[in-house]
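Notes follow the structure.
Residue numbers start from 1 in every chain, and the chains themselves are labelled A, B, ... in the order their sequence lines are given, proteins ahead of strands.
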Amino acid sequence: MTAPQVPAVYRAPREWTRLHPVSPLLGGWAVFGVIGSIALYNYAPQWTGVDPELQASAHWLMGSLGWVVAAVALIVGASIGLGFLQWRVNQYRLSDEAIEQRKGMVFKQHKQARLDRVQAVDVVQPLLARIFGFAALKIEVAGGENSGVSLEFVRLGDAEALRNELLALAAGVKRAKAEGREATVDAIVEEASTAQGADAGAGHVADGSLRDLISQPAGYSETAAAPEQEIYRVPLNRLLMSIVLSWPFLWILAIPVLAGVAVFALNLDVGRILSAAGASLFTVVPAAFALFGFFWNELSRGFGFIAALSEDGIRLRHGMLETRRQTVPPGRVQAVQLRQSLLWRKHDWWRVSINVAGYQDDQEAVSTLLPVGSRQEALTALWLVLPDLGDPDPAGTVSRALSGTGADGGFTPATTRARLFDPWQWRHRGVRATDRALLIRRGWLVRDVFVVPHERTQSLAMTQGPLQRVRGVADVTVHSTNGPVKPVARHLDRADAEALLASQAQRAAEGRKRQTPEQWMTAVGLREATHE
Amino acid sequence: MTWEPSDDAAWTYVSRTLIPARLITLWIWVAVPAIIVSVVGSLTSRWVFAGLIALAVIGLWGTWLVFRQVTAHAWIEREDDLIIKRGRMWRTVTVVPYGRMQYVEVESGPIDRAFGIAKVQLHTASPGSDAQIAGVPTAEAERLRDRLASRGEAQLAGL
């Protein structure tokens, strides 16, 4: 067994430290504002002075332009000044058990992201930051709205080093707690440096006290990221095709056709229609923007999507103008959903979404495990999250979950009595528990499969409305953390629902007792199975 | 773990004093519009008083509903989890494992306090788990909170 990879030199500051001084400039479009007003100021007299006949009006325009420039400069200056004041009070540090941040001038905030509660660490680069080589580090923790720590901005190299350190420390804290040792940052660093000191290769970092190590100037040593292994990537042509095969895109294509049919077949008055369209321009434009926004989101979310596996957990990279590198540590995925819309069925494409506790804003963008992929890739994505499904034939079982109906693949189907109020979907609904996870299948045109690891179940509920009561039908809901995946097994026979509720509560209790990150590592092949 | 009376699980039903507590709230909500209707009716047409009948019907229906709901609201403390059932028309049985509880909240408004009852609310990391027990006698609520907290502490599993 190799020693767990824990860096010996830490760049994470133990004292309160400010973010990079350019942060206020990167925060918004202030820089463009500055450049724009400088350009305007420099070139405006030339533009207006070209034509001598326009001197008089140009003179007036120049006067007013000067005012405009001054106003813009004032606004930009004020926002930068304000940003700078905020930057001054925005500080972070690594304390014994948490990464802490304090900020705010008027309303002061002090946030603590406990290392043992870290759910995901993301390196995010908005366009401007990306151009200049900076990044924001977002540390998501379990519990409460807005509890994550967001460091905007630090140099990209610093952000990556910090991420690697935090993930290594978080894993160290968990391990130390599990083994009943002291779970503070100092103890873990001490242990790691002695472990590396024993290693001949560790060389220059091993000697000197911990304080010396920490007080080394930033950039002294890089903490290498845990080596990663690429699992799949999404090619651009498939991503584009998947967007073309989505309902909003088809609607856009259909609108001119429908309009043409309406005009010619029904012999409508074109002029009247056009004037009506003109009158409703105010409704058309926002709608067009909304649609464009949809495509843009889909494209930028899946652009350059790469999933990789490392000892730190699952790594996801994606984004076009704003890039995001997510790291989700082992066992932090709460629930998985595989979805196929009707138009994707011909290619057998699937989208895989996940719930990760802690992600609050922009759920869709951060909760995609696979934007579009073949069945095989979808199964691989599921395997990443849940390497051991607790089933002798995981691929077969999930495949039958993806495209089966009724009792195929050992599923408990929805009862026939639900036909009355669920005429289309009841045939496709079903639920099945393996040793490690609960699988729920649903959907007629749009197929959905939910997979919830037993140990990640938060709570369970069985519900029944008046109509269901008459027909002896009930729903079972599995509560997961906040996110796009909301697993529910609807319209089960009442006896089946009761049995599922009871057995699922039992399985969740057993699952909680045995779950460790080491299991995940062994299962995905990062650790030897002989480990302890 | 079901709603049926045949269920032999050891349900602890909530205090019946929840019925008067809820009825007071309900009838305040009925009385305020009733006064408005009466005033408007006395100033305008007698037909407006028909609204009073409608309000009375709503109030009586609500009263019946309160009786039905309170008598269906119960909980069981088991080895690993707490089970709560509630509702008559839309019925729910919720299972909350102690190891998943983030915190327990005990809440009681002025009317609840006058009747010596409180609401115990369990919070997990899921916004979906709506686990609350209304109408628990205050002493029992305190005891329940402490017991849930200590069991949660003992069994707390990381997310």
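- Of the inter-residue distances, the one linking Gln458(A) atom CD with His123(B) atom NE2 reads 13.5 Å to the nearest 0.5 angstrom.
- Of the listed residues (Val96(B), Ile84(B), Asp80(B)), the one with the most heavy-atom contacts under 4.5 Å to chain A is Asp80(B).
- Within the structure, side-chain hydrogen bond (donor to acceptor under 3.5 Å, both in side chains) contacts touching residues 463-478 of chain A (residues at least two apart or in different chains) are Gln464(A)-Arg91(B), Gln468(A)-Asp475(A), Gln468(A)-His491(A), Asp475(A)-Arg490(A).
- For Ala497(A), the side-chain contact (heavy atoms from CB on, under 4.5 Å) partners at least two apart in sequence or on another chain are Met462(A), Ala474(A), Val476(A), Leu492(A).
- For the pair Gly128(B) and His479(A), the tightest heavy-atom approach, listed with the atom from each and the gap, is O-NE2, 3.4 Å.
- Counting heavy atoms of neighbouring residues, nucleotides and ligands inside a 6.0 Å radius, atom CH2 of Trp29(B) does not exceed 12 of them.
- How far OG of Ser126(B) is from CZ of Arg456(A): 14.0 Å, rounded to the nearest 0.5 Å.
- Nearest heavy-atom pair across Pro466(A) and Trp90(B) is CD-CE2, 3.4 Å.
- Contact detail for Pro127(B) and Asn482(A): the closest heavy-atom pair is CD-N, 3.6 Å.
- Between Val95(B) and Ser459(A), the shortest heavy-atom distance links the atoms O-CB, 3.1 Å.
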